[in-house]
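Take a look at the structure below.
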Amino acid sequence: MNTSSLAEFGQKLLETYFKKPSMADKVFSNRFLDKLSQIESLFDHIYSQHPSRNNAFDGLLTTLIKQHKSRSSLFLKKDATKTKKGNWFLSNEITGMSLYVDRFAGDLKGLADKLGYFHELGVNFLHLMPVFESPINESDGGYAVSNFKKVAAQFGENSDLHALIKRMNEQRMYLMLDIVLNHTSNQHEWALKAKAGNPYYQDFFYFYDDRSLPDQFDQTMPEVFPDHTPGNFTFIPECNKWVMTVFHRYQWDLNYSNPELLVAMLDNILFYANMGVDVLRLDAPAFIWKQPGTTSQNLPKAHMLLSLIKQCVSVVSPGMALLGEAIVAPEEILKYFGTQQAIGSECDLAYNATQMALQWDALATGDTSVMIAGQQVISQKPIGCSWISYTRCHDDIGLGYDDYMIAQAGFNPFHHRSFLKNHYAGWHENSMAKGALFSVNHKTNDARISGSLASLCGLEKAIELSNQDEIELALKKIILMQAHSLFMGGIPMLFYGDEMGYTNDYSYLKDEGKSYDNRWMHRPLIDWKRNEKRLDPATLEGRIFGDTQKLITLRKELSILSDHNNVIWMTPHNVHMAGFIRTEEDKKLYCLFNYAASASYLTWYAFKEFGAQPTHLKDLWTGQKHKVGKDQEHFILPSFGFALLEMAD
Ligand code: GLC
């Protein structure tokens with residue numbers, strides 16, 4: 001449509017729905033009309049040739065209007081506040097925690113009663129792992145959704161989620177939920193109808209009568225779970241067809257080349273926006289566009305779709321940020337912030353999976369060279385977007401950074417990766433780590449790593465051996481890793497249990513719905529009796545909790561830690577130490593992390609580069625003051641120690 005007839009069309013549509021427009025409707029209408037041509041252009045880039053184009057485009061616009069109409073006044077007000085603030089998620093005052101509602105607190109009501117715990121720790125942003133309906137034994141931790149709009153019975157009811165969100169809002173907490181974009185459970189109503197032979201719903205998925213296209217796809221598509229779910233297709237005897245299942249067999253990939261499916265999913269996205277979600281985690285967005293002859297990951301049309309979703313969200317729920325969960329190669333992750341003219345108009349947030357893995361690399365080797373080689377890419381994050389900064393999450397750790405980074409640091413990529421995997425699996429004689437390899441691919445030699453923060457840092461083994469020295473080292477490693485993530489930039493996202501030093505939980509092996517997936521070893525069941533130990537600083541739990549709490553408090557007090565792309569890496573004078581400067585106007589905060597098992601020395605010259613030279617520094621972590629010495633003298637960090645040095649002239 002040309003611009004004026006499109007605007008007319010939009011205006012007419014609005015008039016049908018707003019007989020007597022309120023103030024909020026007018027604000028919405030302006031945004032709607034403003035974005036209309038961008039939305040249409042993106043939509044047509046993807047769907048102009050599709051026979052359902054017109055019908056689906058009308059459906060999309062109607063969905064926006066209808067969802068706006070059901071947005072509560074509380075969230076409309078919140079939209080206005082957030083819009084005024086701009087990119088609210090860049091703030092240093094936000095610290096998150098990711099958790100399973102049932103494993104953490106039983107159910108949603110139980111979680112509402114635990115909000116005090118988060119305040120005590122300093123956490124004001126919660127990522128609830130999926131809480132919508134999902135078949136118990138084939139759920140992939142809730143990522144196989146059978147009803148996007150109904151809370152699963154084991155967590156409670158929709159009203160419990162609303163009540164929790166209301167309390168969180170009263171207590172100025174933020175919420176993140178997932179939209180599982182790429183697939184549904186095979187028990188979702190759409191899948192059941194498709195299985196029963198309904199062609200309209202079969203078009204929501206990738207169905208094939210024979211193996212010819214599946215075989216073609218399989219030639220170039222990698223496998224996500226090669227050990228327990230090899231291949232990318234599953235035969236469905238009920239309808240005698242093959243369906244695409246990139247993840248587990250019970251997770252059917254959604255077909256976004258069908259615009260009707262996009263509209264249906266947009267409705268779910270906006271349903272979550274209207275529940276009051278502050279950050280929507282787009283699960284596995286790298287996979288949402290498929291094309292034979294490619295890996296079917298990170299394709300340009302996937303980015304276009306995300307950009308389209310972003311524009312639609314910004315019309316209905318302008319304060320809701322989008323997090324792209326793209327755990328892919330470093331350069332590819334960056335593209336989820338948008339590319340070229342579209343920078344900043346795709347996802348607002350992405351996981352800094354590269355940095356996370358590089359910290360684990362440095363912890364195993366005691367050498368930060370690979371981490372430093374990776375910064376060139378990481379630092380290209382556009383201004384106004386941010387990272388989710390983390391050491392652990394519910395998933396495995398993939399060593400997804402590039403081979404050239406390893407080679408640039410002077411190591412052989414194959415041997416280096418093998419060393420890391422063996423180290424964290426605990427197979428090296430002198431490794432204290434106790435993890436496991438996840439999704440081993442014998443064809444490519446690829447494998448990822450499971451294990452809790454504490455166990456990978458050596459605490460589990462050290463306790464088993466009653467080795468006090470190793471216990472102390474493990475504690476230092478845990479806090480070093482957390483401090484680095486908290487001060488590096490972006491929203492820190494803790495994983496529940498890590499603040500208390502929970503080690504691996506092997507009970508998943510007795511559960512048939514979980515035993516095939518060792519990621520469950522690092523998804524603990526919280527024992528609230530044990531969590532009381534946090535109040536006793538003489539216990540391991542008390543020490544880890546206290547240090548984590550102190551780090552969060554420090555971060556909140558320092559506006560220099562807001563993410564304005566204000567990270568300058570220091571010259572790596574000592575390979576064992578990672579050092580960067582956070583800057584704000586003429587202020588500087590030197591953040592230094594020693595990944596070596598022994599003390600590391602850094603020439604004072606390192607502090608005299610990059611602008612104003614300090615004469616005195618105060619370590620905000622220890623309270624210690626340092627006089628900046630001569631270049632041939634050194635600042636010393638103890639083994640696995642770190643320092644947060646503020647200029648104190
Ligand atoms: C994401 C989730 C992961 C899940 C996968 C499939 O990567 O984080 O837990 O297995 O998507 O939904």
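Order of appearance sets the numbers: ligands from 1, and atoms from 1 within every ligand. Heads up: numbering here begins at 1 and tracks the sequence. Note that this is a predicted model, so its numbers are computed, not measured.
- Atom numbering of ligand 1 starts at 1 in the shown order; those under 4.0 Å from a heavy atom of Asp140 are 4 (C), 5 (C), 6 (C), 10 (O), 12 (O).
- Annotation for ligand 1: atoms under 4.0 Å from non-hydrogen atoms of His183 are 6 (C), 12 (O).
- Here the heavy atom of the protein found nearest to atom 1 (C) of ligand 1 is Asp283 OD1, 2.7 Å.
- Salt bridge Glu331/Lys335: absent, no basic N to carboxylate O contact under 4.0 Å.
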| task | Kindly indicate, with the supporting measurements, whether the criterion ring-ring contact (aromatic ring centres under 6.0 Å, His included) is fulfilled by Trp528 and Tyr117. | result | CA-CA 11 Å; Trp528 284 95; Tyr117 179 79; 4.9 Å; yes
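- Checked by distance only, ligand 1 and Arg523 stay at 3.5 Å or farther apart across all their nitrogen or oxygen atoms.
- Within the 4.0 Å heavy-atom criterion, the part of Arg281 lying near ligand 1 is the side chain and not the backbone.
- A cation-pi geometry, defined here as NZ or CZ lying under 6.0 Å from the six-membered ring centre and within 45° of its normal, does not hold between Arg281 and Tyr272.
- Within ligand 1, counting atoms from 1 as listed, the ones closer than 4.0 Å to a heavy atom of Phe247 are 5 (C), 6 (C).
- Remark: Asp527 does not engage Arg530 in a salt bridge, criterion side-chain N to carboxylate O under 4.0 Å.
- Applying the 4.0 Å criterion to heavy atoms of Gln251 picks out, from ligand 1, the atoms 12 (O).
- In this structure, His394 and His127 have perpendicular ring planes: the angle between them is above 60°, well past the 30° mark.
- Of the charged side-chain nitrogens involved, at least one lies within less than 4.0 Å of a carboxylate oxygen, so that Arg519 and Asp517 count as a salt-bridged pair.
- Relative to the six-membered ring of Tyr401, Arg417 meets both conditions, a distance below 6.0 Å and an angle of at most 45° to the axis.
- Listed by number with element, the atoms of ligand 1 under 4.0 Å from a non-hydrogen atom of Glu325 are 1 (C), 7 (O), 8 (O).
- Taking atom 8 (O) of ligand 1 as the reference point, the nearest protein heavy-atom neighbour is Asp395 OD2, 2.4 Å.
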